[in-house]
Amino acid sequence: MPTISLCMIVKNEEHVLHQCLNSVKDVCDEIIIVDTGSSDRTKEIAGEFTDRIFDFEWIDDFSAARQYSFEQATMDYILWLDADDMLLDQDRTKLKLLKETLDSSVDVVSMLYHIAFDAAGKPTFTYRRNRLVKRSKGFRWIGPVHEYLEVGGSIILSDIAVTHKKSMKPATSIQSDRNLRIYENRLKKGEAFSPRDLFYYANELRDHQQHLKAIIYYREFLATKKGWIEDEIRACINMASCYYTLGETSKELESLVMSLNYDVPRPEVSCKIGDNYKARNKYSQAIVWYKLALEVKVEDTQGFVQEHFSTWYPHLQLCFCYWQLGEKELAVEHNNKARQYQPNSSQVKHNDEFFKTYFESVGANKPLKES
């Protein structure tokens, strides 16, 4: 059976680190913690699980820190996590089984990453990361910020999920400028940005409300024609959100349509185009796009998956649009379909009460039957 080193970089993670390490301690044969300058109890908590704790002087380079953590590993495979990640019970069981059955020819194991959840705890935002890698392959981390692990060889796609628990950290209203500062310091030094750098720098600008500047860098990224297709689609979506914030609805629509250069209409894109028309009271046009969001299936995407854009969300919007057009039975039908995905939704319940009141007021004893 292969052995596993858990490699992590941390800084001031006292609120989440115990939860993370406790969730994987029984699966990993070695735990390596690289601290980049904690001033809280992070190292003390880490010491409850391992004595392999190292200090790394922070140099504004996440790849350098992660690579250093990998260099301390001694086991067959390396698993990496962030301190606000964890494995739920079912995923820990799956990882144990994988460890017992993993063929030595496998170089990389990709795992799901759940980073957002609905009120019931069901994942609403998921994508994949290469999480478990063969140490002897010497895979390296790339990029000072928004780093990625460059891998190759035999890769398997597992159904093991890493769950992101950022909500466990104390809330703060301050948006960290750490990543933005790293990018801007690189620009000051005259560094040439890769297409990936351009994309993630634009994202940081957008997150910091610098929408016009973000648009410039999204366009520069797309002009390279060398980006990952999922990033190109996301750049169009994010650029559209910048235009939306700036009140430029026509350019918002143009940006969303631009994403069709790269693939079929993703459900998220279709819903946002529908939202654009709906906001302008063009309900018939909006209906076309909301229905498309329900019809188009995207298989095996390695990008972001947000199921609500292909399930309850377009049904709720169709409910509203059909009602505005006087198609009351279709409105009820789509609200019922939304309920199938979100039985406890306050929006669905509000619509139920609205329909009941309306039909009673017009003397129509119309049952709101399930679709």
Side-chain angles (χ1 to χ4, degrees), residues 1-9 20 23-24 26-34 52 54 56 61-82 85-87 91-115 126-164 194-197 199-200 224-234 262-263 298-305:
M1 183 167 63
T3 54
I4 297 175
S5 297
L6 171 66
C7 292
M8 298 177 60
I9 62 171
C20 173
S23 76
V24 294
D26 296 333
V27 191
C28 299
D29 303 278
E30 174 181 62
I31 295 177
I32 293 165
I33 302 295
V34 171
R52 302 214 64 205
F54 302 85
F56 182 86
D61 191 327
F62 280 92
S63 286
R66 290 203 189 275
Q67 199 64 47
Y68 179 76
S69 74
F70 272 33
E71 290 167 0
Q72 313 313 311
T74 63
M75 301 298 161
D76 300 321
Y77 285 85
I78 298 174
L79 172 70
W80 69 275
L81 296 171
D82 288 327
D85 296 333
M86 66 175 296
L87 292 185
D91 296 300
R92 181 166 55 253
T93 299
K94 289 178 182 179
L95 181 55
K96 287 180 178 178
L97 179 60
L98 174 72
K99 183 179 179 183
E100 294 169 0
T101 59
L102 188 62
D103 190 280
S104 60
S105 64
V106 174
D107 299 313
V108 180
V109 179
S110 168
M111 299 181 188
L112 299 169
Y113 194 28
H114 297 327
I115 65 171
T126 298
Y127 59 101
R128 283 193 169 273
R129 304 296 297 267
N130 295 312
R131 286 287 182 182
L132 187 69
V133 299
K134 187 180 291 183
R135 182 175 63 87
S136 63
K137 300 297 290 188
F139 297 130
R140 300 197 64 81
W141 286 92
I142 306 296
V145 65
H146 291 295
E147 69 283 6
Y148 68 97
L149 187 57
E150 191 171 59
V151 301
S154 174
I155 303 174
I156 62 172
L157 306 181
S158 77
D159 64 349
I160 301 169
V162 173
T163 297
H164 188 61
S194 67
R196 180 182 172 86
D197 288 329
F199 172 65
Y200 280 101
T224 69
K225 298 183 179 180
K226 294 180 179 179
W228 183 36
I229 186 173
E230 298 296 337
D231 287 346
E232 291 174 320
I233 293 169
R234 181 57 48 186
Y262 305 102
D263 197 11
V298 180
E299 302 293 337
D300 300 325
T301 176
Q302 297 295 300
F304 296 144
V305 176

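Keep in mind that this is a model prediction, so the values were computed, not measured. Reckoned from all heavy atoms, side chains included, excluding hydrogens, waters and symmetry mates.
Not a single side chain to side chain donor-acceptor pair (under 3.5 Å) links T224 to another residue, sequence neighbours left out. For the salt bridge (charged side-chain N to carboxylate O under 4.0 Å, His left out) test, residues two or more places apart in sequence or in another chain that qualify with D29 are K99. In this view, Y68 satisfies the side chain to side chain donor-acceptor pair (under 3.5 Å) rule with no residue, not counting sequence neighbours. With sequence neighbours excluded, no residue forms a salt bridge (charged side-chain N to carboxylate O under 4.0 Å, His left out) with D76. Applying the side chain to side chain donor-acceptor pair (under 3.5 Å) test to R135 and every residue at least two apart in sequence or in another chain returns nothing. Remark: S105 engages D103 in a side chain to side chain donor-acceptor pair (under 3.5 Å) (not counting sequence neighbours).
A 6.0 Å sphere centred on NZ of K94 holds more than 12 heavy atoms belonging to other residues, nucleotides or ligands.
To the nearest 0.5 Å, atom CG of residue D263 and atom CD1 of residue I229 are 5.0 Å apart. Atom CG of residue D82 and atom CZ of residue R66 lie 4.5 Å apart, to the nearest 0.5 angstrom. For the atom pair T163 OG1 and H114 NE2, the distance stands at 5.5 Å (nearest 0.5 Å). Of the inter-residue distances, the one linking I9 atom CD1 with I32 atom CD1 reads 13.5 Å to the nearest 0.5 angstrom.
Considering D26, V109, V162, L79 as possible partners of L95, the one that fulfils the side chain to side chain contact (heavy atoms under 4.5 Å, CB included) test is L79.
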From CA spacing to verdict: side-chain contact (heavy atoms from CB on, under 4.5 Å), V151, D107: CA-CA 8 Å; V151 301; D107 299 313; over 6 Å; no
